**Student:** 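Here it is, the structure, as structure tokens.
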Amino acid sequence: MIQGQEIPIKPPAEPPLDCLVVDDEPRLRQVLVHLMRHEGFRCFEAANGLEALEIPAQQPIPLVMSDMRMPRMDGIELLHKVRQAWPDTAMVMITAVSDVDVAVSALASGAMDYLTKPFHLEEVRARVGQALEKRRLILENRSYQRSLEERVKAQGRRLEQLFLGGVQALAEALEVKD
């Protein structure tokens with residue numbers, strides 16, 4: 001980050017991307033929702049993982065920002081459930097514990113990034129921007145891979161037709177010779 005320069009995380013496409021903020025602390029949730037709305041996101045809120053799972057079940061949510069420690073369902077369990085049901089959702093985990101093992105565990109479980117409390121708003125912008133960029137690249141790569149597979153199948157069908165055409169031509173040539 002260049003000193004004094006804001007890192008833009010505004011979604012490139014219209015309408016705005018949806019964002020789900022999950023935290024049992026209402027004040028922190030409000031701060032994050034305010035920031036994300038200012039950046040052009042449409043925000044939803046949940047106080048725990050159980051509430052959070054209801055929202056993407058109704059509509060796609062490209063970005064989830066979740067606290068790690070919450071009552072009823074913690075962030076790691078939420079992360080597992082979201083990754084299983086909606087693998088294209090980018091998850092940024094938030095923790096008050098500055099522990100490398102916690103961060104590694106979250107990233108190994110499928111989080112795109114993580115933040116430690118207290119955090120700076122610029123750091124939130126940067127992490128969200130990176131998570132959305134990773135998500136975009138994954139989706140783009142998946143689309144390219146599907147396109148490539150389709151092209152390989154089409155090429156295989158074409159080669160099969162050419163081979164059968166060649167065999168047919170050879171059979172006709174043998175009949176003419178006889």
Side-chain angles (χ1 to χ4, degrees), residues 1 6-97 99 102-147:
M1 178 175 110
E6 224 176 75
I7 298 170
I9 59 169
K10 293 187 193 278
E14 293 294 331
L17 287 177
D18 290 338
C19 172
L20 171 58
V21 178
V22 187
D23 200 308
D24 58 328
E25 296 177 40
R27 183 73 183 122
L28 181 64
R29 228 177 27 243
Q30 290 171 355
V31 167
L32 286 171
V33 165
H34 179 74
L35 170 67
M36 299 308 289
R37 283 187 178 143
H38 178 73
E39 294 297 325
F41 288 82
R42 186 172 70 160
C43 296
F44 299 89
E45 300 179 47
N48 59 58
L50 289 176
E51 285 180 24
L53 288 175
E54 295 172 11
I55 295 167
Q58 298 170 11
Q59 65 188 45
I61 301 287
L63 174 66
V64 175
M65 300 173 70
S66 175
D67 189 15
M68 299 275 278
R69 293 189 178 162
M70 298 177 289
R72 299 183 67 192
M73 180 188 290
D74 69 6
I76 292 294
E77 188 177 350
L78 173 63
L79 173 63
H80 288 291
K81 290 186 182 292
V82 167
R83 299 297 302 150
Q84 186 177 33
W86 305 283
D88 294 336
T89 299
M91 295 228 15
V92 176
M93 303 306 293
I94 303 168
T95 181
V97 179
D99 183 2
V102 171
V104 169
S105 172
L107 294 172
S109 295
M112 295 278 184
D113 217 327
Y114 75 99
L115 289 160
T116 54
K117 297 177 191 176
F119 48 76
H120 299 284
L121 297 183
E122 290 300 318
E123 183 182 10
V124 174
R125 285 185 180 99
R127 302 295 179 148
V128 166
Q130 290 171 347
L132 289 174
E133 179 64 10
K134 285 179 191 177
R135 177 183 182 270
R136 185 192 66 77
L137 290 172
I138 288 168
L139 294 175
E140 192 176 283
N141 187 26
R142 187 178 304 138
S143 174
Y144 177 74
Q145 190 172 11
R146 268 185 253 158
S147 171

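The chain is numbered in sequence order, starting from 1. Only heavy atoms go into these numbers, but all of them, side chains included; no hydrogens, no water, no symmetry mates. Predicted, not measured: the structure shown is a model, and the values here were computed from it.
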**Student:** When rounded to the nearest 0.5 angstrom, what distance separates CG in L35 from CD in E39?
**Tutor:** 5.5 Å
**Student:** More than 12 foreign heavy atoms under 6.0 Å from NE2 of H34: is that the case here?
**Tutor:** no
**Student:** Any idea which heavy atoms bring M70 and G49 closest together, and the distance?
**Tutor:** CE-N, 3.9 Å
**Student:** Which heavy atom of C43 sits nearest a heavy atom of R37, and at what distance?
**Tutor:** O-NH2, 3.4 Å
**Student:** Only counting residues at least two apart or in another chain, list the ones meeting side-chain hydrogen bond (donor to acceptor under 3.5 Å, both in side chains) with R135.
**Tutor:** none
**Student:** Just jot down the side-chain contact (heavy atoms from CB on, under 4.5 Å) partners of V31, sequence neighbours excluded, or say none.
**Tutor:** R27, L121
**Student:** Side chains of V128 and L132, heavy atoms from C-beta outward: is any pair under 4.5 Å?
**Tutor:** yes
**Student:** Go through the structure and list residues passing side-chain hydrogen bond (donor to acceptor under 3.5 Å, both in side chains) with E77, not counting sequence neighbours.
**Tutor:** none
**Student:** If you round to the nearest 0.5 Å, how far is CG of L32 from CG of L115?
**Tutor:** 8.0 Å
**Student:** May I ask you to test the M68-Y114 pair for a side-chain heavy-atom distance under 4.5 Å?
**Tutor:** no
**Student:** side-chain hydrogen bond (donor to acceptor under 3.5 Å, both in side chains) with E140: which residues, sequence neighbours excluded?
**Tutor:** R136
**Student:** Of all the heavy-atom pairs spanning S66 and G75, show the shortest one and how long it is.
**Tutor:** OG-CA, 3.9 Å
**Student:** Give me each pair satisfying salt bridge (charged side-chain N to carboxylate O under 4.0 Å, His left out) with a member in residues 52-68, each pair once, sequence neighbours excluded.
**Tutor:** D67-K117
**Student:** Please determine whether the number of non-hydrogen atoms from other residues, nucleotides or ligands lying under 6.0 Å from atom CD of Q59 exceeds 12.
**Tutor:** yes
**Student:** What residues, two or more places apart in sequence or in another chain, satisfy side-chain contact (heavy atoms from CB on, under 4.5 Å) together with R83?
**Tutor:** L79
**Student:** Considering non-hydrogen atoms only, spot the tightest contact between R29 and D23 and give its length.
**Tutor:** NH1-O, 2.5 Å
**Student:** Under the salt bridge (Lys or Arg N to Asp or Glu O under 4.0 Å) rule, collect the residues that match up with E51, sequence neighbours excluded.
**Tutor:** none
**Student:** Of all the heavy-atom pairs spanning N48 and L50, show the shortest one and how long it is.
**Tutor:** OD1-N, 2.9 Å
**Student:** Under 3.5 Å, sequence neighbours excluded: what are the donor-acceptor pairs made by side chains of residues 105-113?
**Tutor:**
residue: S109; atom: OG; partner: S105; partner atom: O; Å: 2.9
residue: D113; atom: OD1; partner: R127; partner atom: NH1; Å: 2.9

**Student:** May I have the list of side-chain donor-acceptor pairs in residues 85-96 shorter than 3.5 Å, sequence neighbours left out?
**Tutor:**
residue: D88; atom: OD1; partner: R142; partner atom: NH1; Å: 2.5
residue: D88; atom: OD1; partner: R142; partner atom: NH2; Å: 3.1
residue: D88; atom: OD2; partner: R142; partner atom: NH1; Å: 3.2
residue: T89; atom: OG1; partner: I61; partner atom: O; Å: 3.0
residue: T89; atom: OG1; partner: W86; partner atom: O; Å: 3.3
residue: T95; atom: OG1; partner: V97; partner atom: N; Å: 3.1

**Student:** Report the distance from atom NZ of K81 to atom CE of M73, rounding to the nearest 0.5 Å.
**Tutor:** 5.0 Å
**Student:** Before you tell me yes or no, could you show the steps for L63 and L17 under side-chain contact (heavy atoms from CB on, under 4.5 Å), namely the whole-Å CA-CA distance, both residues' side-chain angles and the distance that decides it to 0.1 Å?
**Tutor:** CA-CA 8 Å; L63 174 66; L17 287 177; over 6 Å; no
**Student:** Could you work out, with side-chain hydrogen bond (donor to acceptor under 3.5 Å, both in side chains) as the rule, every residue matching R42, not counting sequence neighbours?
**Tutor:** D18
